[in-house]
Amino acid sequence: MDIHLYNTLTRQKEVFRPLDPQRVTMYVCGPTVYNYAHIGNARPAVVFDTLYRLMQRNFPAVVYARNVTDVDDRINQSAKDQGVPISVITDRYLAAYHADMGALGVLPPTIEPKVTQHIGAIIAMIERLIATGNAYEEDGQVLFHVPSFKDYGQLSRRDRDDMIAGARVDVAPYKRDPADFTLWKPSTPDMTGWDSPWGRGRPGWHIECSAMIERNFGIGPIDIHGGGHDLIFPHHENEIAQSTCAHNGALFCRVWMHNGFVNINAEKMSKSLGNVTLVHNLLELAPGEALRLVLLSAHYRQPLDWTETAVKDARAQLDRLYRALDSLKDVQASDGPAPAGFMAALADDLNTPKALAELHQIANAANKASDAAERARLKGELLACGWLLGLLQQDPAAWMKGAGAADVDTAAIEALIAERKAARARKDWAESDRIRDDLAAKGILLEDKAGETTWRVAS
Ligand SMILES: [Zn+2]
């Protein structure tokens, strides 16, 4: 099946064919680790994780790099304020990032290059850019000279005045052109820095990704470069300029993909979710799987409204899907692929809303099916589709018991169910109903089937 992806560079959907049919290469700009990840930072992680899963199912190998920016002025400031080395800050927040993304079902990327481990590659690339006349040193700074690259602006399609305004550049005296951007800057003695031919300093942000891509993938184009929409300009425009000039004009990336923003409207949020925007805190209020489903509920290029209703709806959807899966617990899932309709949706520029609708269709069919072979096939399809979306991989019973608020007291519920069972055994229907109604009032629903009582959290 052909996969079509929207390429920001050409502004159209194109059939995706990796340069090497055996191996897809993809790079996504990852976190700057100075704080907990915001839900807006989680969107590219989840979107490109879903793309990574789709590529894994369609090609023999995928190399997915998601970098970590572990030196930055905000990190430096935080380390200085706390009187600790920057690694204390970056280790702490990288661990938190891994934990948060793990809770959202994000698979670890194949490689996770860190800036501080690529300083040599960064310096070498800057030296080459100076040698080719694309960069210059002035006052301990090294700058990329934008007019030296005639295709500058091809990705963002901005004209020169827009670019200068958009980059919010101050017209510093050391700049030969107002659009020129920093490759290397000096560090004061109390600031993190590395020795370089231009004195002790640290890299600018844009050069990091160019150097990490070169070091990990070599010269020549990678297949896919992704990130948030806000990175198109100046970050990705600058990456193209640096890498193309440092590589004698060789193509840098074949397909550019960008996800839309997450809009947070605090006014629309009630107190319980109001102003909670860090994944770390959201996970205290809702299961990670539900947060992931919200992030996949809009097409990745569209803006996404983050609302309490959306989170609630995602939980209800997962409740339905897990209930369908639970009803199939007596059959062994067939080991088949995800069905064509579902795959076609994902292959159409990662149309996750359509793919989710297809998933619900399968769940509906599962709820109606009685034939054992069909039920086994539908169970296999639910799990295969679920894996591609990063959903439905936990035990349905665990989901139904854990889906509600964190204050669900499993032991107390089980004890009440046992009491109710005893009441029913002595035909005390009034007591049995009282216990059931009490639990229902607390959002716990009981279901009696074949002499057994199960419970779940109401959605
Ligand atoms: Zn980047």
Side-chain angles (χ1 to χ4, degrees), residues 7-9 25-35 37-38 40-49 51-52 63-75 90 93-94 97 101 106 109-119 121-126 129 135 144 146 149 152-156 163 166-168 181-185 202-219 221-247 251-261 300:
N7 187 350
T8 309
L9 191 63
T25 50
M26 50 188 276
Y27 180 96
V28 171
C29 296
T32 300
V33 283
Y34 69 100
N35 198 348
H38 186 271
N41 310 130
R43 193 175 189 195
V46 166
V47 162
F48 291 105
D49 175 68
L51 181 68
Y52 177 42
V63 183
Y64 172 27
R66 188 189 63 205
N67 78 291
V68 177
T69 297
D70 61 348
V71 58
D72 163 86
D73 288 348
R74 289 162 297 185
I75 296 170
T90 59
Y93 291 112
L94 181 57
Y97 183 80
M101 295 309 120
V106 174
T110 326
I111 43 175
E112 198 171 43
K114 294 193 179 91
V115 176
T116 54
Q117 292 167 355
H118 287 78
I119 300 295
I122 291 169
I123 290 174
M125 198 175 216
I126 297 173
L129 288 169
F144 185 90
V146 168
F149 180 52
Y152 194 83
Q154 59 180 298
L155 183 68
S156 59
M163 287 190 292
R168 289 191 211 95
F181 59 88
T182 302
L183 301 174
W184 189 264
K185 50 193 167 188
R202 60 201 197 283
W205 174 36
H206 315 300
I207 191 73
E208 298 169 356
C209 288
S210 284
M212 286 188 279
I213 289 172
E214 181 191 271
R215 178 56 61 91
N216 290 282
F217 292 103
I219 294 171
I222 57 168
D223 292 313
I224 299 169
H225 193 315
H229 195 263
D230 52 329
L231 299 185
I232 297 174
F233 185 84
H235 186 54
H236 289 164
E237 197 75 73
N238 292 352
E239 280 189 41
I240 293 176
Q242 296 158 160
S243 294
T244 310
C245 293
H247 298 160
L251 183 67
F252 175 44
C253 295
R254 300 170 68 238
V255 181
W256 286 89
M257 293 177 69
H258 295 95
N259 64 272
F261 298 120
Y300 77 90

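Residues take their numbers from the sequence shown, with the count starting at 1. Whatever order the structure lists them in is the order used to number ligands and atoms, beginning at 1. Side chains included, hydrogens not; waters and symmetry mates left out as well; all remaining heavy atoms used.
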His235 near the Zn ion (ligand 1): N/O/S under 2.8 Å: yes
Check whether any N, O or S atom of Cys209 sits under 2.8 Å from the Zn ion (ligand 1). yes
Tell me if the centroids of the rings in Phe181 and His206 come within less than 6.0 Å of each other. yes
Hey, what's the angle at the Zn ion (ligand 1) spanning OE2 (Glu239) and SG (Cys29), nearest 10 degrees? 100°
Within the side chain of Arg202, is there an N or O that forms a donor-acceptor pair under 3.5 Å with the backbone of Val71? no
Which label fits His258 and His236: parallel for a plane angle under 30°, tilted from 30 to 60°, or perpendicular past 60°? tilted
Determine the interplanar angle of the His235 and Trp205 rings, folded into 0 to 90°, and report it as parallel if under 30°, tilted if 30 to 60°, perpendicular if over 60°. parallel
